[in-house]
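These notes concern the structure reproduced below.
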Amino acid sequence: FPVENIRNFCIIAHIDHGKSTLADRLLEVTGTISKSDKNEQVLDRLQVERERGITVKAQTATLFYSYNGQSYMLNLIDTPGHVDFNYEVSRSLTACQGVILLVDANQGVQAQTVANFYLAFEADLTIIPVLNKIDLKNAKPEVVMEQMKNIFEIEPKDVLKVSAKLGTGVNELLEAIVERIPPPKADVMKPLRALVFDTYYDQYRGVITDVAVIDGCIKKGDKLQSSNTKKSYQVQDLGIHQVDEILTHCLYAGQVGYVVMNMKNVKEGQIGDTLVHEGSDVQPHPGFKQAKPMVFAGVYPTDQSKYDELRSAIEKLTLNDSSVSIHIDHSPALGQGWRLGFLGLLHMDVFQQRLEQEFSANVIVTAPNVPYKVKIFGAKNIKMYGGEEVTVLNPCLMPEQEIIKEYYEPLVRGTIIAPDDYVGEMTNLCLGRRGVMKEQIYIDSKRIMFTVILPLNEILVDFYDDLKAVTSGYASFDYEDHGYVPSNLVKITYLLNGKEVEELTMINHVTTARTLARRVCLKLKENIPRQLFKISVQAAVGGNIIAREDIPAYRKDVLAKCYGGDITRKTKLLKQQAEGKKKMRAIGNIDVPKDVFITVLKK
Ligand code: GDP
Ligand code: MG
């Protein structure tokens with residue numbers, strides 16, 4: 001295939017604007033899938049994607065399209081739309097020269113449309129603006145084109161109008177892809193450079209890598225070498241994705257496809273790696289910016305004997321999702337486990353669901369927290385912590401208050417788009433979350449785009465739900481990292497009859513510490529079963545008690561109901577009680593059910 005006849009592109013859009021539907025229609029119109037197949041959203045292959053109706057993983061498909069008597073190879077990469085998966089989007093973009101910027105003609109430009117546009121714009125890609133859902137009665141193409149002009153300086157005459165559902169305008173879109181997007185700059189004659197932009201694990205074939213061939217070509221039997229690890233492999237199979245894999249003999253410069261090598265260890269498949277021919281001294285591709293996890297949570301096997309199984313499942317899944325960071329962790333209540341870093345809460349949920357569905361793993365995920373930083377005093381302490389600045393991923397590992405010079409917390413720069421009727425409500429919501437309002441611009445006569453700086457911790461739980469609630473569902477929200485600022489934080493510890501419960505340690509802003517502590521003490525009171533003695537539940541900040549509840553004594557005698565006689569019933573009950581004990585963590589002489597550690601932190 002001549003390089004001039006290749007087009008590599010992505011579809012980027014706000015969630016639900018119709019990416020997956022459009023991808024299906026493109027596959028159908030080009031004959032890649034047949035129309036009669038009731039193949040709804042064929043690129044959303046993961047169970048979690050079908051259940052939640054969202055795209056999590058970018059998927060690739062190659063389409064063949066004839067235009068003006070020429071045959072073209074179009075490589076389509078479907079991308080996730082949610083803010084938590086922006087890392088996947090930016091990775092897909094590296095393999096492309098152009099994007100379809102898809103906007104729902106009824107909903108208009110939304111926060112993620114803006115974020116995705118800038119990703120493509122900064123990567124210097126050709127942008128084809130497309131209005132989707134023009135079949136809808138209440139579609140407002142004129143208004144949406146005005147928004148695109150105001151925010152992105154896109155001229156209305158360049159905007160295509162389609163209905164991904166009905167197929168209207170899809171042929172014109174295919175023509176625009178061929179005409180407007182440039183072919184990749186690739187040279188088959190140069191030494192091989194293939195960028196690994198995705199990897200996944202197959203039980204039988206080992207690690208499979210998705211590559212974009214930048215220069216040269218890969219053939220079956222070739223000896224390849226990883227620029228990162230310097231390890232060598234032999235190519236066993238290679239091909240392109242046409243929804244399913246299609247074997248080919250070669251992958252040439254400009255093409256996108258998959259390569260199966262004798263790569264057995266999941267750690268060897270590194271995204272951003274460049275594959276070259278063995279012994280070649282060609283410069284590797286610069287690769288990718290590492291994803292920065294912003295939400296951390298403990299992950300533990302429900303049953304400690306499954307520790308090794310869970311470790312292997314986490315390793316395989318992180319191969320498929322390299323944005324998750326892994327640290328070994330230990331909890332007195334939950335045993336051996338990990339502290340994993342995610343890009344956001346949805347990302348965390350999806351990861352847990354994938355562990356359960358794809359690896360049948362049973363896991364406990366603790367309440368999430370953001371990474372804090374502190375500066376500490378004293379040469380000895382600095383030496384112990386390995387530096388003056390310490391990043392704290394787990395609140396119970398926060399250094400003692402006496403040695404802390406300053407606390408820092410992470411901020412985000414949020415973008416909110418909503419009708420101007422809700423300005424008051426939105427402002428109040430943001431201020432209540434310690435937000436600082438920045439610019440406001442009208443994107444059309446009724447809708448406003450806000451920028452607001454917020455502490456990440458404040459949007460971790462419920463922010464998006466509250467925003468939807470105060471704007472009758474009309475607001476959209478997206479955010480990006482905005483660095484750290486000094487902050488007035490305190491460490492809250494919880495005590496049961498004077499004994500500290502490590503797992504419950506929290507870092508919080510001083511202004512809301514007491515409210516939070518009261519709520520948690522009350523939850524502990526409600527969730528810890530009464531025992532033979534009174535239990536005091538206390539919350540403390542630096543030696544001062546800031547909240548307190550008491551759990552009165554109660555005699556829990558399971559045998560009382562047995563009236564002496566029935567021995568089998570009695571042993572059964574005793575056994576049940578012993579089983580119950582396993583699910584308990586002893587704090588001093590108090591038994592605390594393990595799930596209390598999770599329920600207590602939910603709102
Ligand atoms: P994604 O989140 O961007 O992948 O969006 P989907 O492709 O899953 O589409 C979201 C919803 O919009 C689905 O219910 C689709 O059936 C619907 N949809 C997509 N394209 C169109 C269209 O052109 N017209 C109409 N009326 N609905 C559409
Ligand atoms: Mg989708």
Side-chain angles (χ1 to χ4, degrees), residues 9-29 32-33 35 37-61 63 76-90 92-93 96 99-117 119-120 127-141 143-145 148 159-174 176 243 344 346-347 349-350 353 417 464 468 473-474 476-478:
F9 69 101
C10 281
I11 308 176
I12 55 176
H14 190 79
I15 199 155
D16 277 348
H17 281 198
K19 277 181 312 290
S20 302
T21 310
L22 181 64
D24 282 0
R25 218 48 359 98
L26 290 171
L27 293 172
E28 200 179 279
V29 170
T32 312
I33 54 168
K35 214 175 186 141
D37 281 353
K38 257 231 135 195
N39 255 332
E40 289 273 302
Q41 314 206 326
V42 282
L43 291 182
D44 286 347
R45 268 179 270 193
L46 301 174
Q47 190 182 345
V48 47
E49 296 184 314
R50 289 174 182 279
E51 281 176 16
R52 294 181 177 227
I54 55 168
T55 304
V56 169
K57 283 294 296 173
Q59 303 278 8
T60 315
L63 332 172
L76 158 65
I77 299 176
D78 191 21
T79 58
H82 193 274
V83 41
D84 281 8
F85 303 109
N86 260 354
Y87 176 65
E88 290 276 333
V89 178
S90 55
S92 315
L93 294 182
C96 295
V99 300
I100 296 175
L101 178 70
L102 196 67
V103 183
D104 184 320
N106 172 34
Q107 280 199 5
V109 173
Q110 301 287 305
Q112 271 122 65
T113 319
V114 179
N116 286 329
F117 170 84
L119 286 178
I127 294 169
I128 304 180
V130 178
L131 287 186
N132 186 30
K133 310 198 188 181
I134 52 155
D135 59 289
L136 288 175
K137 241 192 0 271
N138 39 4
K140 303 175 290 280
V143 176
V144 181
M145 285 195 287
M148 291 168 107
V159 180
L160 299 178
K161 300 181 192 73
V162 307
S163 163
K165 190 171 170 188
L166 305 179
T168 324
V170 171
N171 271 309
E172 288 78 359
L173 174 57
L174 283 162
V243 185
L346 178 66
H347 185 213
D349 270 8
V350 164
Q353 200 178 339
I417 295 184
Y464 193 53
K468 285 266 176 198
Y474 283 118
S476 65
F477 175 68
D478 193 276

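In listed order, ligands and their atoms are each counted from 1.
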Worksheet, complete the sentence: Between Y464 and S476, the two heavy atoms sitting closest are OH-CA, 4.2 Å
Worksheet, complete the sentence: Heavy-atom nearest pair, H14 first then T113, reads CB-OG1, 3.6 Å
Worksheet item: Between A164 and ligand 1, is there a nitrogen or oxygen pair with a distance under 3.5 Å?
Response: yes
Worksheet item: So which heavy atom on V109 is nearest to which on V103, and how close?
Response: N-CG1, 3.7 Å
Discussion item. Keeping T21 on the side-chain end and K165 on the backbone end, is there a donor-acceptor pair under 3.5 Å?
Written reply: no
Worksheet item: Taking all non-hydrogen atoms of both residues, which atom of V170 and which atom of R25 are closest, and how far apart?
Response: CG2-CG, 3.9 Å
Practice prompt. Please identify which atoms of ligand 1 are closer than 4.0 Å to at least one heavy atom of D16.
Written response: 1 (P), 2 (O), 3 (O), 5 (O), 10 (C), 12 (O)
Practice prompt. Nearest heavy atom to atom 22 (C) of ligand 1 wins, so pick from R25, K137, K165, Q107.
Written response: K165
Response to the item:
Honestly, for K19 the part within reach of ligand 1 (heavy atoms, under 4.0 Å) is both
Worksheet entry | Selection from G167, S163, A139, S20 by shortest heavy-atom distance to atom 4 (O) of ligand 1 | S20
Fill in: Closest non-hydrogen atom pair, A105 against L131
CB-CB, 4.4 Å
Worksheet item: Distance-only, no hydrogens or angles: does the N132 side chain make a donor-acceptor pair with backbone N or O of L102 under 3.5 Å?
Response: no
Worksheet entry | Atom indices of ligand 1, in the order listed, that fall short of 4.0 Å to a heavy atom of D135 | 22 (C), 23 (O), 24 (N), 25 (C), 26 (N)
Worksheet entry | Contacting atoms of ligand 1, where contact means under 4.0 angstrom from a heavy atom of L136 | 26 (N)
Item to complete: Using distance alone, decide if ligand 1 has a nitrogen or oxygen within less than 3.5 Å of any nitrogen or oxygen in G18.
Response: yes
Fill in: Region of L166 engaging ligand 1 - heavy atom pairs below 4.0 Å
neither
Worksheet item: Numbering the atoms of ligand 1 from 1, which are under 4.0 Å from a heavy atom of T21?
Response: 6 (P), 7 (O), 9 (O), 15 (C), 19 (C), 20 (N)
